[in-house]
Visitor: 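My questions all concern the structure below.
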Amino acid sequence: MYRQLVYLSRARTDMTLREVYDIIRRSHTNNSRAGLTGALLYLDGYFLQLLEGPSLAVEDCYQRILSDSRHASIELRHEAARGERLFPDDWMALKSTAEVDESVLQRFGYSVGLPEGRFDGRQLVEFIQACFVDERISIVASQL
Ligand code: FAD
């Protein structure tokens with residue numbers, strides 16, 4: 001079984017995209033060693049991350065993430081044990097606001113900060129997955 005964890009956090013206010021790419025570079029190095037996969041969304045100043053892999057590796061990584069000064073107000077929003085990974089091919093996929101298809105944001109009723117009252121853990125997982133599906137490919141495929 002794999003452990004899956006989703007958290008939301010507030011990025012440091014002066015965070016640049018370059019710093020986000022630095023985080024992803026380090027994540028790729030560390031995660032490939034630890035057998036972790038997942039996805040990171042950087043949306044309107046918030047991070048939404050799905051981490052998955054062996055339980056101890058997820059825990060170890062999450063503890064490092066918790067003490068990282070590049071973000072704050074970290075809320076654990078979902079945890080589950082799963083038989084399969086959702087992002088088996090990504091040491092850590094990344095999308096920022098401009099790269100997420102507008103239709104996905106509309107479909108999920110996205111609002112900044114993904115407030116807990118409106119997005120439960122399961123919805124967040126579905127939202128993350130949808131953000132990484134290329135909607136244009138889905139539309140073309142559905143017309144075949
Ligand atoms: P190093 O990269 O050498 O870092 C050593 C220390 O310096 C750590 O305490 C680190 O937090 C701190 N540090 C490094 N660069 C900066 C900086 N620019 N500003 C402030 N402090 C800094 N790590 C992963 O391994 N996998 C992930 O999936 C992952 N996802 C992340 C998602 C988010 C939103 C954030 C903010 C961080 C994420 N990290 C991830 C990074 C994680 O928090 C640790 O920084 C990293 O794992 C430490 O790697 P390292 O042990 O190789 O040390």
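One is the number of the first residue; the rest follow in order along the sequence.
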Visitor: Checking R10 against Y46: charged group under 6.0 Å from the ring centre and within 45 degrees of the axis?
Guide: yes
Visitor: Restricting to non-hydrogen atoms, name the atom on H71 and the atom on S9 that form the minimum distance, rounded to 0.1 Å.
Guide: ND1-OG, 2.8 Å
Visitor: Which atoms form the tightest heavy-atom contact between A130 and R107, and what is the distance?
Guide: CB-NH2, 4.0 Å
Visitor: For N31, enumerate each residue passing the side-chain contact (heavy atoms from CB on, under 4.5 Å) test, keeping only those at least two apart in sequence or located in another chain.
Guide: S27, L36, C61, W91, M92
Visitor: Does any part of the side chain of L17, heavy atoms only, come nearer than 4.5 Å to the side chain of Y42, both counted from C-beta?
Guide: yes
Visitor: Take atom CD of Q63 as the centre, draw a 6.0 Å sphere, and report whether it contains more than 12 heavy atoms from other residues, nucleotides or ligands.
Guide: yes
Visitor: Apply the side chain to side chain donor-acceptor pair (under 3.5 Å) test between Y7 and each candidate in Q49, R77, E79; give the one that qualifies.
Guide: Q49
Visitor: Got a second to check how far R25's CZ is from L94's CG, nearest 0.5 Å?
Guide: 11.0 Å
Visitor: Could you walk me through whether Y2 and V58 pass side chain to side chain contact (heavy atoms under 4.5 Å, CB included), step by step?
Guide: CA-CA 9 Å; Y2 297 108; V58 170; over 6 Å; no
Visitor: Are I65 and L51 close enough that some pair of their side-chain heavy atoms sits under 4.5 Å apart?
Guide: yes
Visitor: Set out, in order, the CA-CA distance, both residues' side-chain angles and the distance that settles side chain to side chain contact (heavy atoms under 4.5 Å, CB included) for L76 and Y62, then state yes or no.
Guide: CA-CA 10 Å; L76 181 61; Y62 186 55; 3.7 Å; yes
Visitor: Between E59 and R3, is there a side-chain heavy-atom distance shorter than 4.5 Å?
Guide: yes
Visitor: Show your reasoning for whether side chain to side chain contact (heavy atoms under 4.5 Å, CB included) applies to R33 and T29.
Guide: CA-CA 7 Å; R33 285 193 195 124; T29 306; 3.6 Å; yes
Visitor: So which atom in A34 and which in A57 form the shortest heavy-atom distance, rounded to 0.1 Å?
Guide: O-CB, 3.7 Å
Visitor: Quick one: do M15 and L66 end up in the same hydrophobic cluster if we chain Ile, Leu, Val, Met, Phe, Trp and Tyr together by side-chain heavy atoms under 4.5 Å apart?
Guide: yes
Visitor: Would a single hydrophobic cluster contain both I74 and V20, if residues Ile, Leu, Val, Met, Phe, Trp and Tyr are joined by side-chain heavy-atom contacts under 4.5 Å?
Guide: yes
Visitor: Measure the spacing between CG of L8 and NE2 of H78 and express it to the nearest 0.5 Å.
Guide: 14.0 Å
Visitor: Name each donor-acceptor pair under 3.5 Å that joins a side chain in residues 122-129 to protein atoms two or more places apart or in another chain, with its distance.
Guide:
from : atom 1 : to   : atom 2 : distance (Å)
R122 : NH1    : E126 : OE2    : 3.0
Q123 : OE1    : D120 : N      : 2.8

Visitor: State, yes or no, whether a side-chain contact exists between F132 and D90 at a heavy-atom distance under 4.5 Å.
Guide: no
Visitor: Using residues 108-116 as the side-chain source, report each donor-acceptor pair under 3.5 Å to any protein atom, sequence neighbours left out, with the distance given to one decimal.
Guide:
from : atom 1 : to   : atom 2 : distance (Å)
Y110 : OH     : D44  : OD2    : 2.5
S111 : OG     : R118 : NH1    : 3.2

Visitor: Establish whether L50 and V104 are linked, either directly or via other cluster members, by ILVMFWY side-chain heavy-atom contacts under 4.5 Å.
Guide: yes
Visitor: Quick one, E99 with S96, criterion side chain to side chain donor-acceptor pair (under 3.5 Å). Give me CA distance, side-chain angles, the key distance, then yes/no.
Guide: CA-CA 6 Å; E99 296 165 308; S96 59; 3.1 Å; yes
Visitor: For R64, does the CZ atom have more than 12 heavy-atom neighbours from other residues, nucleotides or ligands under 6.0 Å away?
Guide: yes
Visitor: Which atom names give the shortest non-hydrogen contact between I24 and A93, and what distance separates them?
Guide: CD1-O, 4.4 Å
Visitor: If hydrophobic clusters are built by linking Ile, Leu, Val, Met, Phe, Trp and Tyr wherever their side-chain heavy atoms come under 4.5 Å apart, do L48 and F119 end up in the same one?
Guide: yes
Visitor: Would you check if the side chain of E52 reaches a backbone N or O of F87 as a donor-acceptor pair within less than 3.5 Å?
Guide: yes
